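Quick caveat: nothing in here was measured; it's all calculated off a predicted structure.
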Amino acid sequence: MAARIEHLVTSGTFTLDGGTWDVDNNVWIVGDDEEAVVIDAAHDAEAILAALGGRTLRAVVCTHAHNDHIDAAPEVAAATGAPVLLHPDDLPLWKLTHPERAPDVELADGAVLTVAGTELTVLHTPGHAPGAVCLYAPGLGTVFTGDTLFAGGPGATGRSFSHFPTIVDSIRDRLLTLPPETVVRTGHGDSTTVGAEAPQLEEWIRRGH
């Protein structure tokens with residue numbers, strides 16, 4: 001059975017630099033009837049576990065370590081026995097939310113995760129956060145971008161641990177080089193495609209988004 005993509009929206013708060021904001025997060029589940037991975041275990045472990053049903057969870061993959069993307073990760077991992085995967089450059093952010101519980105596996109650029117016969121290639125895309133990654137699944141014609149690329153522009157770079165020129169380089173070099181029909185599944189809001197976003201790159205740079 002081919003892998004499929006399931007989508008949950010969970011609600012909670014994002015906290016950084018002394019501020020807190022209400023947010024809705026996209027949680028992506030990739031797998032088949034037997035096994036799956038969760039991309040960004042946000043806010044609501046019960047909802048994520050319910051969506052998984054009785055499937056074997058192979059990994060909880062974190063696109064980055066802002067609290068709204070990882071707050072439910074330890075609970076989901078504890079309930080399923082799955083490891084939590086995070087790029088090591090985001091450990092300082094992770095520790096702000098989970099000082100007592102380290103991630104289990106370090107994500108590395110170019111690493112390939114396999115679930116239900118589908119390969120997810122890790123693309124290190126710093127800028128929104130130092131250890132931000134995207135997951136490219138050519139067999140599904142999609143890339144999971146976390147908060148690196150949204151419909152309409154790059155992720156925010158106005159807070160600690162972020163850098164606008166770096167995120168532009170990441171998007172230009174790692175994402176806009178993917179096939180234009182590739183669906184971009186984001187950490188918040190609507191999906192888009194590489195082809196829809198590519199023409200806007202120079203305008204983002206001019207605006208200093």
Side-chain angles (χ1 to χ4, degrees), residues 6-30 36-52 57-109 111 113 115 120 122-135 143-150 154-164 166-167 170 185-189:
E6 297 164 54
H7 176 213
L8 298 178
V9 177
T10 59
S11 300
T13 57
F14 166 57
T15 301
L16 190 66
D17 296 341
T20 297
W21 300 265
D22 292 330
V23 287
D24 295 329
N25 282 62
N26 294 327
V27 179
W28 302 100
I29 300 174
V30 182
V37 298
V38 167
I39 300 170
D40 287 346
H43 307 308
D44 191 339
E46 285 188 10
I48 295 167
L49 293 168
L52 284 169
L57 185 61
R58 297 296 180 194
V60 178
V61 186
C62 307
T63 62
H64 62 294
H66 284 151
N67 74 288
D68 57 319
H69 291 255
I70 63 166
D71 48 6
E75 187 177 346
V76 172
T80 59
V84 176
L85 282 56
L86 178 75
H87 192 284
D89 288 356
D90 256 23
L91 271 175
L93 276 168
W94 171 276
K95 289 175 180 176
L96 295 176
T97 303
H98 300 302
E100 305 301 323
R101 201 279 194 206
D104 302 296
V105 178
E106 292 187 353
L107 286 172
D109 184 61
L113 313 176
V115 62
L120 303 169
V122 177
L123 308 176
H124 183 210
T125 52
H128 180 70
V133 302
C134 300
L135 299 163
V143 60
F144 300 93
T145 57
D147 289 0
T148 294
L149 178 61
F150 291 108
T157 53
R159 302 189 183 98
S160 298
F161 301 97
S162 64
H163 188 241
F164 180 72
T166 301
I167 202 172
S170 291
R185 299 179 194 270
T186 62
H188 308 270

Decide ring-ring contact (aromatic ring centres under 6.0 Å, His included) for His128 and His66; before the verdict, give the C-alpha distance in whole Å, the side-chain angles of both, and the deciding distance to 0.1 Å. CA-CA 10 Å; His128 180 70; His66 284 151; 4.6 Å; yes
Nearest heavy atoms of [X] and [Y], plus distance in Å:
X	Y	result
Ala65	Leu86	CB-CD1, 4.0 Å
Thr186	Trp28	O-NE1, 3.0 Å
Ser170	Pro126	OG-O, 2.6 Å
Asn26	Gly189	ND2-O, 2.9 Å
Val105	Pro83	CG2-CB, 4.1 Å
Leu107	Cys62	CD1-O, 3.8 Å

Pairwise distance [atom1]([X]) to [atom2]([Y]) - rounded to 0.5 angstrom:
X	Y	atom1	atom2	result
Asp17	Ser162	CG	OG	8.0 Å
Thr125	His64	OG1	NE2	9.5 Å
Asp71	His98	CG	NE2	6.5 Å
Leu96	Ser160	CG	OG	9.0 Å

In the structure I gave you, are the side-chain heavy atoms of [X] and [Y] within less than 4.5 Å of one another anywhere?
X	Y	answer
Val38	Ile48	yes
His124	His87	yes
His163	Thr157	no
Val37	Leu113	no
Leu135	Ile39	yes
Asn67	Leu16	no
Pro103	Asp90	no
Cys134	Phe144	no

From CA spacing to verdict: side chain to side chain contact (heavy atoms under 4.5 Å, CB included), Leu123, Val133: CA-CA 5 Å; Leu123 308 176; Val133 302; over 6 Å; no
Under the criterion side chain to side chain contact (heavy atoms under 4.5 Å, CB included), which of Thr10, Leu8, Thr63 is the partner of Asp40?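 Only one option passes, and that is Thr63.
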Going by the side chain to side chain contact (heavy atoms under 4.5 Å, CB included) test, name the single residue among His43, His188, Arg159 that passes it with Phe14.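 That would be Arg159; it is the only one of His43, His188, Arg159 passing the side chain to side chain contact (heavy atoms under 4.5 Å, CB included) with Phe14.
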Using a 3.5 Å distance criterion without hydrogens, assess whether the side chain of [X] forms a donor-acceptor pair with backbone atoms of [Y].
X	Y	result
Asp68	Ala42	no
Asp44	Ala47	yes
Trp94	Arg101	yes

For His7 and Val27, what are the C-alpha separation, side-chain angles and deciding distance, and is it a side chain to side chain contact (heavy atoms under 4.5 Å, CB included)? CA-CA 6 Å; His7 176 213; Val27 179; over 6 Å; no
For the CD atom on Glu106, are there more than 12 heavy atoms of other groups (residues, nucleotides or ligands in this structure) within a distance under 6.0 Å?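 Not buried by this count: 12 neighbours or fewer within 6.0 Å.
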Could you walk me through whether Leu85 and Val60 satisfy the side chain to side chain contact (heavy atoms under 4.5 Å, CB included) test, starting with their C-alpha distance in whole Å, then the side-chain angles of each, then the deciding distance to 0.1 Å, before giving a yes or no? CA-CA 6 Å; Leu85 282 56; Val60 178; over 6 Å; no
Is there a side chain to side chain contact (heavy atoms under 4.5 Å, CB included) between Thr97 and Lys95? Walk through the geometry before answering. CA-CA 5 Å; Thr97 303; Lys95 289 175 180 176; over 6 Å; no
Is a donor from one side chain sitting under 3.5 angstrom from an acceptor on the other, for Ser11 and Asp24?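 There is such a pair between these side chains.
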Can you confirm whether the side chains of Thr20 and Thr13 place a donor and an acceptor under 3.5 Å from each other?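 Thr20 vs Thr13: no donor-acceptor pair found between side chains.
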